[in-house]
Amino acid sequence: MTPAAPPPLAGRPATLVIDGRVDAGRALLVPRGELVHGCTVVLAETLAGLPADVERVDMDMGDVVFMDTAGLQFLDLLGGYSHRQSVPATATNWHGQPLRILELAGLDTTDPLHATAHRPEPRPAPPAAPAAPAAPAAPAAPAAPAAPAAPAERLHVLQEEVDQLRQAIASRPVIDQARGVLMALHACTSEEAWHILREASQLSNTKLRTVAAAVTAGAESNGPPPPAEVRTALRTALGRLGH
């Protein structure tokens, strides 16, 4: 059994880390964090570090907490590796916001790679024997009516999901700033800072962006402290991580 993922390069924001191992020819990879700009570089380095004799790659996506369009490029890269190396690849266990992005993109939410995973090339079929003269064709049956368009309610839900994704992307700068504040104040990792913010948001029933803005504002000189419920939630989240 050998480790599969190289250590992250110094100076690179730890928005994504891929842990894993190779056992009996099977590489089990576990991405942790976000599939955003730069995630394909992390994946490419991980795949390049796999042994040449690896027989399959299984990726557990359960610890991916956020995904934008860079996540689709991530999947394209993994699918391309599968084809080039003739190695089956899977990406399963999606949930939360990344799962909704797969749905919006029209991909299989169980495994979006199932259509791109390597399959042996089909053997050419033997030449067919000469066909007997065809019987006169029967009158064509009336064409089936086209499937109705998606209900307006479904379209409305999808539009709301798109709007929420746009808001999440717009919120990234303040969230990244808050993560930096927590990392500096509490000597935690980027991933731990993300979990602190997310847990504080859930405990205080406050939007994640609002919690992040409060943390960032409170770090400024003479900045206002976070609201009492947010401070309490932050202390609880920090305590659970041992900070």
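Atom set for the values below is all heavy atoms of this structure, side chains included, hydrogens, waters and symmetry mates excluded. Numbers for residues simply follow the sequence, beginning at 1.
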Let me check something: do V36 and V30 share a hydrophobic cluster, defined by ILVMFWY side-chain heavy atoms less than 4.5 Å apart, either directly or through other members?
no

Could you grab the distance from atom SG of C39 to atom CE of M67, nearest 0.5 Å is fine?
8.5 Å

Just to verify, what does D63 make a salt bridge (Lys or Arg N to Asp or Glu O under 4.0 Å) with, not counting sequence neighbours?
R32

So that I can tick it off, tell me whether E34 and R198 are bridged by a salt bridge, with the cut-off set at under 4.0 angstrom between side-chain N and carboxylate O.
no

First locate atom CG of D68, then atom CZ of F74, and finally report the distance between them rounded to the nearest 0.5 Å.
12.5 Å

Is M183 linked to I196 within one hydrophobic cluster, defined over Ile, Leu, Val, Met, Phe, Trp and Tyr using a side-chain heavy-atom separation of less than 4.5 Å?
no

Looking only at heavy atoms, what is the nearest atom pair of V87 and V54, with distance?
CG2-O, 3.7 Å

Side chains of M61 and P31, heavy atoms from C-beta outward: is any pair under 4.5 Å?
yes

Checking the side chain of R26 only, and the main-chain atoms of R56 only, is there a donor and an acceptor separated by less than 3.5 Å?
no

Counting distance only, does the side-chain N/O of T92 pair as donor-acceptor with the main-chain N or O of T110 below 3.5 Å?
no

Should L208 and L238 be counted in the same cluster of Ile, Leu, Val, Met, Phe, Trp and Tyr side chains packed under 4.5 Å apart?
yes

Please determine whether residues L185 and L241 belong to a single hydrophobic cluster, defined as Ile, Leu, Val, Met, Phe, Trp and Tyr linked transitively by side-chain heavy-atom distances below 4.5 Å.
yes

Please examine the side chains of V65 and Q97, heavy atoms only from C-beta on, and report whether any two atoms are closer than 4.5 Å.
no

Please report the C-alpha distance between L102 and L75 in whole Å, then the side-chain angles of each, then the deciding distance to 0.1 Å, and finally whether the side-chain contact (heavy atoms from CB on, under 4.5 Å) criterion is met.
CA-CA 11 Å; L102 295 182; L75 292 172; 4.0 Å; yes

Would you say H95 has more than 12 foreign heavy atoms packed within less than 6.0 Å of its NE2?
yes

Value for CZ (R179) from OG1 (T189), rounded to nearest 0.5 Å, stands at 9.0 Å

Inspect the contact between E199 and R240 and indicate whether a charged nitrogen and a carboxylate oxygen are less than 4.0 angstrom apart.
yes

For the atom pair CG (N93) and CG (D58), what is the distance rounded to the nearest 0.5 Å?
12.0 Å

Of all heavy-atom pairs between P112 and A91, which one has the smallest distance, and what is that distance?
CD-O, 3.4 Å

At what distance, to the nearest 0.5 angstrom, does CE of M59 lie from CG of L78?
5.0 Å

Between L29 and D60, is there a side-chain heavy-atom distance shorter than 4.5 Å?
no

Minimum heavy-atom distance A233-A200, with the two atoms named:
CB-O, 3.5 Å

Keeping the roles fixed (side chain from E191, backbone from G33), state whether a donor-acceptor pair exists under 3.5 Å.
no

Single-linkage hydrophobic cluster, 4.5 Å side-chain cutoff, L107 and Y81 together:
yes

Test E192 against L182 for side-chain contact (heavy atoms from CB on, under 4.5 Å), laying out the working first.
CA-CA 9 Å; E192 287 174 336; L182 292 174; over 6 Å; no

Between the main-chain N or O of V230 and the side-chain N or O of T232, is there a donor-acceptor pair closer than 3.5 Å?
no

Where P225 and R231 come nearest, the two heavy atoms and their spacing
CB-NH1, 4.1 Å

Are D111 and T90 linked by a side-chain donor-acceptor pair shorter than 3.5 Å?
no

Would W94 and T109 count as a side-chain contact (heavy atoms from CB on, under 4.5 Å) if you check the C-alpha gap in whole Å, the side-chain angles of each, and the deciding distance to 0.1 Å?
CA-CA 7 Å; W94 298 84; T109 56; 5.9 Å; no

Treating S190 as the side-chain partner and T15 as the backbone partner, does any N or O pair qualify as donor plus acceptor under 3.5 Å?
no

Verify side-chain contact (heavy atoms from CB on, under 4.5 Å) between V41 and L43, making sure each step is shown before the conclusion.
CA-CA 5 Å; V41 177; L43 175 60; over 6 Å; no

Going by side chain to side chain contact (heavy atoms under 4.5 Å, CB included), V215 matches just one of I175, L197, T210. Which one?
L197

